[in-house]
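Since the model is a prediction, treat every value here as computed from it, not as a measurement.
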Amino acid sequence: MKKIKFGMIGCGLMGREFASAALRWAHLPEMTIAPEIVAVCDANPDILTWYTQNFPTIRLVTADYKELLADPEIQAIYCAVPHNLHEQFYCDIIASGKHLMGEKPFGIDLKANVAIVKTVQAHPDVVVRCSSEFPFYPAVQRMASMIDNNEFGKMIEVNAGFMHSSDLDPKKPINWKRMIEFNGEYGCMGDLGMHACHIPFRSGWTPKNVRAILTNLVPERQNNKGEIVPCLTWDNATLLCEVDSSANTGSFPMTIKTFRIAPGEKDTWFLEILGTKKCAKFSTKNPKLLQVLNYEGGSEQNWMQIDMGHETTFKSITGGIFEFGFSDAILQMWASFLYELENGKPKNRFAGCVLPEEAALSHRLFTAALESQKTAQTIAID
């Protein structure tokens, strides 16, 4: 099997998920290409012990990411660092000629994202993608097939979002995602928004304007010294967009919701598509359940409930009747990235990771949302 030698920059929560996916690669019997983790980089040396204990292939351990970029054997980088570091790190990685899977939002703000996109354009041989795993759930891939086959008819409405309760406790100490200097003014939109935008953007549902309501529900928290400090980033965001779709002969509303304070939601990604021929909805709250409403021809309006099994884009050894979970979605996403490295294109339209152009569109949307919040007006998206 062909191996792609990976270096990892930023080895926290999502870094461990990627590394664990590499250890599970035997789950994908038809893959002819695999990741091999050979280098890790993090400012916290203690976090690297887990990697060195579990990956005998690692030969470079450092706190200086430029050591990875200077290593000629490293072919690709996974980078998961705070948003304020995206511009410098991503541009340096791409300029070094190494393929990049980066975490969202691809820059702390629009200016940083423009710089990253320019670097991508200057290095067309480098594959650059953004992490977003939820569309690889079997139910979402089934919905994607419905989109490809134009089964929904004329679009009525689309609702997508990512809701969780990580900041529900007001006594939770502040972390970098609540600090504007590290996370940026987007707040929850930069942290969660690309997940909600992935399928809509890939479907060609490009918002032409937005009316946003953003809330900062807990404006102060304790820091690690017990001091009360301001939380200046947005906790929750509701974006009402107008999508101009010539294929649907007109426009339709699309709502994007990203909540860090969502009571009753542990960590929920959802998608709802309403059309004139068919509707479908899915939520990770019940990861096996796909709901479909088919009422073409004046038939009864009955929601059909489909129990999804392990119907994956990239074949797995797991039996088709068994449940699919978050770690499986991570594995599928990474299979997609490596498949594209080997074949030059994704397996199909919705089996591809987020493109730099889609991340750039999210920045234009979120920047317009900030302006909408300030002015209480609907803002056109450039």
Subject >> Ring geometry between Y90 and F106 (parallel below 30°, tilted from 30 to 60°, perpendicular above 60°) >> reply: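 Perpendicular: the ring planes of F106 and Y90 meet at over 60°.
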Subject >> Plane angle bin for F282 and W269 - parallel if under 30°, tilted between 30 and 60°, otherwise perpendicular >> reply: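 Tilted.
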Find the distance between [atom1] ([X]) and [atom2] ([Y]) and round it off to the nearest 0.5 Å.
{"X": "C279", "Y": "I273", "atom1": "SG", "atom2": "CD1", "answer": "9.5 Å"}
{"X": "C91", "Y": "I116", "atom1": "SG", "atom2": "CD1", "answer": "5.5 Å"}
{"X": "K277", "Y": "K154", "atom1": "NZ", "atom2": "NZ", "answer": "12.5 Å"}
{"X": "R178", "Y": "N223", "atom1": "CZ", "atom2": "CG", "answer": "14.0 Å"}
{"X": "K281", "Y": "W303", "atom1": "NZ", "atom2": "CH2", "answer": "4.5 Å"}
{"X": "T52", "Y": "I58", "atom1": "OG1", "atom2": "CD1", "answer": "6.5 Å"}

What donor-acceptor contacts under 3.5 angstrom involve side-chain atoms of residues 24-31, with partners at least two apart or in another chain?
| residue | atom | partner | partner atom | Å |
| --- | --- | --- | --- | --- |
| R24 | NH1 | S327 | O | 3.3 |
| R24 | NH2 | D328 | OD1 | 3.0 |
| W25 | NE1 | I33 | O | 2.8 |

Subject >> Evaluation steps, side chain to side chain contact (heavy atoms under 4.5 Å, CB included), between W234 and L370 >> reply: CA-CA 10 Å; W234 300 109; L370 293 176; 3.6 Å; yes
Subject >> side chain to side chain donor-acceptor pair (under 3.5 Å) between T57 and E36, intermediate numbers included >> reply: CA-CA 7 Å; T57 53; E36 181 177 80; 5.4 Å; no
**OP:** Verify side chain to side chain contact (heavy atoms under 4.5 Å, CB included) between I93 and C79, making sure each step is shown before the conclusion.
**Re:** CA-CA 9 Å; I93 293 166; C79 188; 3.9 Å; yes
Original post:
E358 pairs by salt bridge (charged side-chain N to carboxylate O under 4.0 Å, His left out) with which of R364, R202, R129?
Top reply: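 When R364, R202, R129 are each tested with E358, the salt bridge (charged side-chain N to carboxylate O under 4.0 Å, His left out) holds only for R202.
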Subject >> Partner of R260 by salt bridge (charged side-chain N to carboxylate O under 4.0 Å, His left out), out of D167, D267, D169, D235 >> reply: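 Answer to the salt bridge (charged side-chain N to carboxylate O under 4.0 Å, His left out) test with R260 among D167, D267, D169, D235: D167.
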Quick check: do [X] and [Y] have side-chain heavy atoms less than 4.5 Å from each other?
{"X": "Q305", "Y": "L289", "value": "yes"}
{"X": "C41", "Y": "E67", "value": "no"}
{"X": "C130", "Y": "L355", "value": "no"}
{"X": "F89", "Y": "I77", "value": "no"}
{"X": "V126", "Y": "H99", "value": "yes"}
{"X": "D92", "Y": "Y65", "value": "yes"}
{"X": "C188", "Y": "F162", "value": "no"}
{"X": "P263", "Y": "L168", "value": "yes"}

Hey, does the side chain of [X] reach the backbone of [Y] with a donor-acceptor pair shorter than 3.5 angstrom?
{"X": "Q141", "Y": "F350", "value": "yes"}
{"X": "T215", "Y": "L217", "value": "no"}
{"X": "H86", "Y": "V81", "value": "yes"}
{"X": "E265", "Y": "M163", "value": "no"}
{"X": "N216", "Y": "C231", "value": "yes"}
{"X": "N113", "Y": "H363", "value": "no"}
{"X": "N175", "Y": "K177", "value": "yes"}
{"X": "E272", "Y": "A160", "value": "no"}

Original post:
Given R16 and I47, is the side chain to side chain contact (heavy atoms under 4.5 Å, CB included) satisfied, shown in steps?
Top reply: CA-CA 10 Å; R16 288 191 293 271; I47 208 170; 3.8 Å; yes
Original post:
Would you call R211-E242 a salt bridge at under 4.0 Å N-O?
Top reply: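 Salt bridge between R211 and E242, a charged N being under 4.0 Å from a carboxylate O: no.
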Original post:
Does the pair K5/E73 count as a salt bridge with the N-to-O cut at 4.0 Å?
Top reply: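 Result for this pair is no, no salt bridge flagged.
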Original post:
Taking the hydrophobic residues Ile, Leu, Val, Met, Phe, Trp and Tyr, and joining any pair whose side-chain heavy atoms are under 4.5 Å apart, which ones share a cluster with I180?
Top reply: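 Listed partners: L232.
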Original post:
What residues join W176 in its hydrophobic cluster, counting side-chain heavy atom gaps under 4.5 Å, either direct or through other members?
Top reply: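 Once heavy-atom contacts under 4.5 Å are chained together, W176 belongs with I174, M179, F182, V229.
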Original post:
CG of D382: more than 12 outside heavy atoms within 6.0 angstrom?
Top reply: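 Incorrect, the count does not exceed 12.
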Original post:
Does atom NZ of K118 have more than 12 heavy-atom neighbours from other groups under 6.0 Å away?
Top reply: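 It does not: K118 NZ has 12 such atoms or fewer within range.
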**OP:** Compute the centroid of each ring, for F55 and then for W50, and state whether the two points are separated by less than 6.0 Å.
**Re:**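 Judged by ring-centre distance (under 6.0 Å), F55 and W50 do meet the cut-off.
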**OP:** May I ask you to check whether W334 and Y78 place their ring centres under 6.0 Å from each other?
**Re:**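 Yes, the ring centres sit under 6.0 Å apart.
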Establish whether [X] and [Y] are linked, either directly or via other cluster members, by ILVMFWY side-chain heavy-atom contacts under 4.5 Å.
{"X": "L23", "Y": "V61", "answer": "yes"}
{"X": "F6", "Y": "L68", "answer": "no"}
{"X": "V117", "Y": "M101", "answer": "no"}
{"X": "I94", "Y": "M8", "answer": "no"}
{"X": "I317", "Y": "M1", "answer": "no"}

[X] and [Y]: which non-hydrogen atoms are nearest, and at how many Å?
{"X": "S372", "Y": "A212", "value": "OG-N, 2.8 Å"}
{"X": "V210", "Y": "A369", "value": "CG1-N, 3.9 Å"}
{"X": "M194", "Y": "S132", "value": "O-OG, 4.3 Å"}
{"X": "Q332", "Y": "T313", "value": "OE1-N, 3.4 Å"}
{"X": "S336", "Y": "A351", "value": "OG-O, 2.6 Å"}
{"X": "S203", "Y": "I199", "value": "OG-O, 2.7 Å"}

Subject >> Test log, rule side chain to side chain contact (heavy atoms under 4.5 Å, CB included), inputs F152 and M146 >> reply: CA-CA 7 Å; F152 291 102; M146 295 178 190; 3.5 Å; yes
Original post:
For T367 and Y186, does a side-chain donor sit closer than 3.5 Å to a side-chain acceptor?
Top reply: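 Result is yes, a qualifying pair exists.
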Original post:
Within 45 degrees of the axis of the six-membered ring of F314 and under 6.0 Å from its centre: does K347 put its NZ or CZ there?
Top reply: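 Judged by the rule, K347 and F314 form a cation-pi pair.
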